[in-house]
S.K.: 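I have a structure here, written as structure tokens, and I will follow up with some questions on it.
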Amino acid sequence: MSKLEQVLVLDPPADLKFKGPFTDVVTTNLKLKNPSDRRVCFKVKTTAPRRYCVRPNSGVIDPGATVTISVMLQPFDYDPNEKSKHKFMVQTIFAPPNVTDMDSLWKDAKPDDLMDSKLRCVFELPSETDKVNDVEATTTKATPVLNSAKSDGPLSSMAAAKPSSGGGGALDDPEMKRVMDECKRLQMEMGKIAEENMKLKDDGIRMRKAARSDHMTSNSTALLGRESSATSLPSLLVVIAAIFIGFFLGKFIL
């Protein structure tokens with residue numbers, strides 16, 4: 001019996017393109033459309049599980065429905081001379097009625113019932129006209145969750161998320177929501193710390209100005225005191241000289 005042809009329509013059909021720079025997480029989307037009249041189970045595998053985070057990585061697609069898969073490439077040192085050997089595979093099977101145990105379904109599936117499509121990863125550097133758009137896009141990316149796999153190897157399932165039903169997207173993943181909430185909390189705390197640092201800096205500047213003003217005031221007071229003493233000293237000498245002159249004149253007159 002020949003192998004079944006893939007029932008899902010993949011967009012893109014053959015290449016997953018990732019546009020750098022690769023100093024931050026780069027995300028590309030893969031759309032899976034089910035044009036049939038039956039429910040279809042799917043799961044996504046990759047040859048490099050440590051390098052990618054996939055949401056959702058498995059699930060069920062209802063007839064006529066479409067699921068968008070977010071494939072997030074982790075940051076790495078990009079070498080333009082090195083050709084990418086990373087590949088993805090979308091494996092599918094028609095869902096039996098009232099399916100509940102997805103693990104058992106895939107474990108007990110017969111090879112003749114499986115359908116699959118392979119995609120290769122393509123890395124591209126941005127053009128000059130794309131750089132502005134790339135900067136804006138990076139501000140809206142979700143924080144990636146590192147895959148739990150320990151090493152690159154043969155095609156293995158991205159087992160970081162539980163299977164989700166058709167139509168489920170990355171924003172419906174409880175783990176992703178928890179990560180986003182934690183990021184928002186940390187940003188609020190950083191904002192409070194920045195405000196406290198600014199307040200402390202302003203208080204320090206005011207204290208230094210006050211100390212400098214007090215120092216200048218004390219110096220001015222001492223200087224005025226010295227000038228007053230210097231002014232009164234000649235007057236005292238004049239009085240003493242007048243007394244001596246009066247004394248001698250008195251002697252001559254007598």
Side-chain angles (χ1 to χ4, degrees), residues 3 5-34 40-59 61 66-93 106 114-164 168-171 173 175-176 179:
K3 189 175 181 63
E5 184 179 356
Q6 176 64 268
V7 65
L8 298 183
V9 178
L10 278 64
D11 181 20
D15 296 336
L16 285 177
K17 295 183 179 180
F18 299 88
K19 184 171 292 187
F22 302 98
T23 55
D24 199 355
V25 176
V26 180
T27 302
T28 189
N29 291 330
L30 171 64
K31 294 182 179 180
L32 306 180
K33 181 179 180 180
N34 180 10
V40 176
C41 300
F42 75 91
K43 65 178 177 179
V44 182
K45 296 181 178 182
T46 179
T47 57
R50 290 186 60 189
R51 300 287 292 275
Y52 299 91
C53 185
V54 179
R55 294 292 184 274
N57 66 340
S58 62
I61 308 178
T66 299
V67 171
T68 299
I69 309 295
S70 296
V71 183
M72 292 169 279
L73 172 64
Q74 305 302 314
F76 72 103
D77 295 330
Y78 175 66
D79 183 1
N81 298 321
E82 181 180 353
K83 187 176 181 181
S84 173
K85 298 180 180 179
H86 299 168
K87 294 181 181 179
F88 276 82
M89 183 173 72
V90 178
Q91 198 169 49
T92 58
I93 187 174
W106 290 108
L114 296 176
M115 299 166 282
D116 59 66
S117 298
K118 295 181 180 179
L119 303 96
R120 68 188 186 98
C121 299
V122 178
F123 300 152
E124 298 178 347
L125 288 176
S127 61
E128 293 296 330
T129 56
D130 293 336
K131 288 183 179 179
V132 175
N133 294 332
D134 289 340
V135 172
E136 295 177 355
T138 54
T139 60
T140 60
K141 289 177 183 176
T143 304
V145 180
L146 294 178
N147 196 283
S148 59
K150 294 184 178 180
S151 61
D152 294 356
L155 289 173
S156 58
S157 176
M158 303 289 291
K162 294 181 179 180
S164 58
L171 294 179
D173 190 345
E175 186 178 4
M176 184 62 69
V179 173

S.K.: Taking the side chain as everything from C-beta on, heavy atoms only, tell me whether L10 gets closer than 4.5 Å to V90.
M.R.: yes
S.K.: For Y52 and F18, take the angle between the two ring planes, folded into 0 to 90°, and tell me which bin it lands in: parallel under 30, tilted 30 to 60, perpendicular over 60.
M.R.: tilted
S.K.: If you apply the rule side chain to side chain contact (heavy atoms under 4.5 Å, CB included), what do you find for Q91 with K45, and how did you get there?
M.R.: CA-CA 8 Å; Q91 198 169 49; K45 296 181 178 182; 3.5 Å; yes
S.K.: Got a sec, which residues hit ring-ring contact (aromatic ring centres under 6.0 Å, His included) with F76, two or more places apart in sequence or on another chain?
M.R.: F22, F123
S.K.: Donor-acceptor pair, distance only, cut-off 3.5 Å: does the side chain of T92 make one with the backbone of F42?
M.R.: no
S.K.: With a 4.5 Å heavy-atom cut-off, do N34 and V9 have their side chains touching?
M.R.: no
S.K.: Taking only residues two or more places apart in sequence or in another chain, which ones pass side-chain contact (heavy atoms from CB on, under 4.5 Å) with D79?
M.R.: N81, E82
S.K.: Just jot down the side-chain contact (heavy atoms from CB on, under 4.5 Å) partners of D11, sequence neighbours excluded, or say none.
M.R.: K31
S.K.: Would a 4.5 Å heavy-atom cut-off, applied to side chains only, mark C41 and K43 as touching?
M.R.: no
S.K.: Just jot down the side-chain hydrogen bond (donor to acceptor under 3.5 Å, both in side chains) partners of S117, sequence neighbours excluded, or say none.
M.R.: Q6
S.K.: Taking side-chain contact (heavy atoms from CB on, under 4.5 Å) as the definition, give me every residue that meets it alongside V122, ordered by chain and number, with sequence neighbours left out.
M.R.: D15, K17, R120, E124
S.K.: Just do the side chain to side chain contact (heavy atoms under 4.5 Å, CB included) check on L8 and I61 with the steps written out, would you?
M.R.: CA-CA 9 Å; L8 298 183; I61 308 178; 4.0 Å; yes
